[in-house]
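Inspection log for the structure reproduced underneath, given as structure tokens.
Predicted model only: the values in this text are computed from it and were never measured. In what follows, chains carry the letters A, B, and so on, assigned in the order in which the sequence lines appear, proteins first and then strands, with residues in each chain numbered from 1.
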Amino acid sequence: MALHFFNTYSRALEKFAPRHPPNVSMYTCGPTVYSNAHIGNFRAYIFEDLLQRHLEMRGFKVHRVMNITDVDDKTIRGAREAKISLNAFTEPFKRGFFEDLDTLRIKRADEYPGATEPHYLARMIEMIAELIKRDLAYQAEDKSVYFRINKFPEYGKLAHLNLEELRPTGRVRSDEYEKENIGDFALWKAWDEEDGDVGWDSPWGRGRPGWHIECSAMSTALLGDQLDIHCGGVDNIFPHHEAEIAQSEGVTGKKFVRYWMHCAHLLVDNQKMSKSLGNFYTLRDVIAKGYSGREVRYALVRVHYRVQLNFTFDGMEESRQALTRKSRQALTRIDEWLERLRETSASQKARGTPGPTDDFQRVLDDDLNISGALGVLFESIRETNRAMDANELGATAAKAWLQWWDEINRVLALDAVETVALPSEVEALAEARRLARLAKNWQKSDELRSELNARGWEVRDTKDGQKITRRVGPEP
RNA sequence: GGCGGGGUAGCCAAGUGGUAAGGUCGCGGUCUGCAAAACCGCUAUUCGCGGGUUCGAUUCCCGCCCCCGCCUCCA
């Protein structure tokens, strides 16, 4: 099966064909920097990371943009409460966001435009002016500028919503009488007292951009009028992405996005995360409980992106076990396997056994079927381990498997961190234990093993002697 | 009410019109001085429920039940 993705717009699996192969333009909705991002946010970013990495493995050259929303109600409120400037308020969260991306081994996008950058504000204003010129937007009595959805018949197509049947949910501000239609959304929000010193001048007076227009402006500025892929969480489908289509196509007259891809929500203990339920976790919260970024990455990537993922700490334990097989072992199941493969590849063994296939990649081609792909990985590990146990894996095959791992790991990014060097006192204890074992002094040997354990090191005896590894804790 | 996603072993989770990947947990075994790792074996006659189509359905169709999410600025 060739590469296929599920397109939210058509609600169907479609063969992937970018406009200008091998180039792929990809826009992903980024964070609003008013706090540290939570694990639900990262589920989306990891899905996008998997998507980018798989595309790259398949030979595409991905140009990816992720916006940073650094002005909105929440950032303004936060800055006001902290009595600091908007920029001073958002800056630490921006920095924290990039640190978190590194923790999770998420590849950097090519650009991270910010909504308050003058260049993009200018473009937003330009787009809004064009929409007004085309009668697709109007300035209301409250001085804000709104998009006129009645003039854009396509509005609602992405979400498959019949706008007449929308229920009021109480989340619509009742004071927005000024709008012609309840569904009209703000392109430019007129300044009010709550905004304090946050605001920019525009042809419609002082104010700030609406959330949706920022994405339309930055995506088209950096990627052109037509994008290959646009991603986000399902909650962005409506109204955010619907609005983006209306604004962008309203200005350019061209089809905005070819493939819309949305990931399902992450649940915690089967409920949506919320602070009041006490099931709200930032990435930092989970790391603070002793899990490594790699373990969190695995836990968030292992379930297909269109299925809701239920996050639990039992699931975190399971992820740890899947990677390491033994919770206190630092050497992972995968590393152990790689080490054996390296030894085998350096040997003179010439016996032929089947080498790797491209099953992993083929399974991912089917709308990023990660569970199937991981199944291929674990089966491969078991089969090659079995062959090595039986002394039946040749050096050439071992080399091929190592190469295979390098390839799939460019997508998974699940390799362990570098092995740390043994401190001298650990080295000394290990040497003493080696000598005790040589003398078959098992009591002494076990005492020394306990001593090493107590110092945070794990000892395993293999036919090649003892192996000392650091116990798993937070990633160094 | 509308729009989505899902109900597969204790738990997590793929998948196919021909009779259930993988992970985790548990038990037994090979190996080991003991452990660990690795490997082997066992653990769903069955895929929410009821009909239908079919030689055959978990997979297709119809109806129903349950869970979760979205419905105007939450990834």
Restricting to ring pair (Phe, Tyr, Trp, His ring centres under 6.0 Å), what partner residues turn up for A:Y34, sequence neighbours left out? none

Please state how far atom OH in A:Y155 lies from atom C1' in B:rC73, giving the value in whole angstrom units. 10 Å

Pair A:H241 + A:H262: ring centers closer than 6.0 Å: yes

At 4.0 Å (heavy atoms only), tell me whether A:A186 reaches a base, stays on the sugar-phosphate, or touches nothing. base

Counterpart residues, side-chain hydrogen bond (donor to acceptor under 3.5 Å, both in side chains), relative to A:T28 (two or more places apart): A:R64

What interatomic distance, in whole Å, is found between C1' of B:rC12 and the corresponding atom of B:rC3? 28 Å

Using the C1' atom on both, measure B:rU54 against B:rG18 and round to a whole Å. 11 Å

Sorted by chain and residue number, the side-chain hydrogen bond (donor to acceptor under 3.5 Å, both in side chains) partners of A:D269 (sequence neighbours excluded) come out as none

To the nearest angstrom, the CG-C1' distance between A:L158 and B:rC71 comes to 13 Å

Per-nucleotide protein contact string for nucleotides 10-17 of chain B, where B marks a base within reach and S marks sugar-phosphate only (heavy atoms under 4.0 Å, - for neither): --BSSS--

So NZ of A:K179 and CG of A:D142: to nearest 0.5 Å the spacing works out to 9.5 Å

Presence of salt bridge, A:E214 and A:R208, under 4.0 angstrom: no

Aromatic ring proximity, centroids under 6.0 angstrom, A:H38 and A:Y281: no

Mind calculating the distance between CZ (A:F238) and C1' (B:rG5) to the nearest angstrom? 19 Å

Among residues at least two apart in sequence or on other chains, which ones pass side-chain hydrogen bond (donor to acceptor under 3.5 Å, both in side chains) with A:S144? none

May I ask you to evaluate whether A:K74 reaches the phosphate of B:rC74, defined as a side-chain N or O under 4.0 Å from OP1 or OP2? yes

Please determine whether any donor N or O and acceptor N or O are separated by less than 3.5 Å between the side chain of A:R382 and the base of B:rA38. no

When the C1' atoms of B:rG6 and B:rC47 are considered, how many whole Å apart are they? 14 Å

Centroid-centroid under 6.0 Å between A:Y259 and A:F5 rings: no

May I have the distance from A:R449 (atom CZ) to B:rC34 (atom P), rounded to whole angstrom? 11 Å

Does A:F360 have any ring pair (Phe, Tyr, Trp, His ring centres under 6.0 Å) partners at least two apart in sequence or in another chain, and if so, which? none

Toward the 5' end of RNA chain B, which comes first, A:I381 or A:R437, by nearest nucleotide? A:R437

What dot-bracket string describes RNA chain B from 5' to 3', counting Watson-Crick and G-U wobble pairs whose defining distances are under 3.5 Å, with [ ] for crossing pairs and | for pairs to another strand? (((((((..(((.....[...))).(((((.......))))).....(((((..]....))))))))))))....

Under 3.5 Å, is there any donor-acceptor pair linking the side chain of A:D235 to the base of B:rG69? no

Measuring to OP1 and OP2 of B:rG23, would you say a side-chain N or O of A:Q321 lies under 4.0 angstrom away? no

Let's see if you can work this out: which of B:rG69, B:rG22, B:rG23 has an atom nearest to the side-chain heavy atoms of A:E379? B:rG22

I'd like to know if A:K272 reaches the base of B:rC70 with its side chain, counting only an N/O donor and acceptor under 3.5 Å. no

Take atom NZ of A:K440 and atom C1' of B:rC34, then tell me their distance rounded to the nearest Å. 13 Å

Return the value, rounded to whole Å, for the distance between atom CG of A:N391 and atom C1' of B:rA38. 14 Å

Of the listed B:rG23, B:rG33, B:rC70, the closest approach to the A:H265 side chain comes from B:rC70

I'd like the P distance from B:rC11 over to B:rU53, given in whole Å. 34 Å

Contacts of A:Y120 meeting side-chain hydrogen bond (donor to acceptor under 3.5 Å, both in side chains) (sequence neighbours excluded), chain-then-number -> none

What is the nucleic acid contact for A:I237, judged by heavy atoms within less than 4.0 Å: base, sugar-phosphate only, or nothing? nothing

Near-parallel close stack of A:W442 and B:rG33 base (under 5.5 Å, under 30°): yes

Check for me whether the distance between the ring centres of A:F152 and A:Y155 falls short of 6.0 Å. no

Identify whether any heavy atom of A:T69 sits under 4.0 Å from a base atom; if not, whether one sits that close to sugar-phosphate; answer base, sugar-phosphate or nothing. nothing

Return the 5'-most residue of the pair A:N385, A:R11 with respect to RNA chain B, ranking by each residue's nearest nucleotide. A:R11

Nearest-Å distance once atom C1' is located in both B:rA35 and B:rU45: 39 Å

Pairwise salt bridge (charged side-chain N to carboxylate O under 4.0 Å, His left out) hits with a residue in residues 302-312 of chain A, at least two apart: A:R302-A:E318, A:R306-A:D367

Do A:D73 side-chain and B:rC73 base share a donor-acceptor contact under 3.5 Å? no

Between B:rA21 and B:rU16, how far is it from one C1' atom to the other, in whole Å? 11 Å

Please state the P separation for the pair B:rG4 and B:rA9 - nearest whole angstrom. 27 Å

Expressed in whole Å, how much space separates the C1' atoms belonging to B:rU72 and B:rU58? 40 Å

Give one of base, sugar-phosphate or nothing for A:G40, where a contact means two heavy atoms less than 4.0 Å apart. base

With sequence neighbours left out, what residues match A:A159 under side chain to side chain contact (heavy atoms under 4.5 Å, CB included)? A:L161, A:I237, A:F238, A:E242

Quick one: side chain to side chain contact (heavy atoms under 4.5 Å, CB included) partners of A:F93, sequence neighbours excluded? A:V33, A:N36, A:F89

Mind checking A:H240 for me? I need base, sugar-phosphate or nothing, with any heavy atom below 4.0 Å counting as a touch. nothing

Please report, rounded to the nearest Å, how far the P atom of B:rC73 is from the CD atom of A:Q247. 15 Å

Tell me: CG of A:D269 to C1' of B:rG69, nearest whole Å? 16 Å

All N/O pairs under 3.5 Å across the protein-nucleotides 41-44 of chain B interface:
none

Which nucleotide, B:rC34, B:rC70, B:rA37, lies nearest any side-chain atom of A:R460? B:rA37

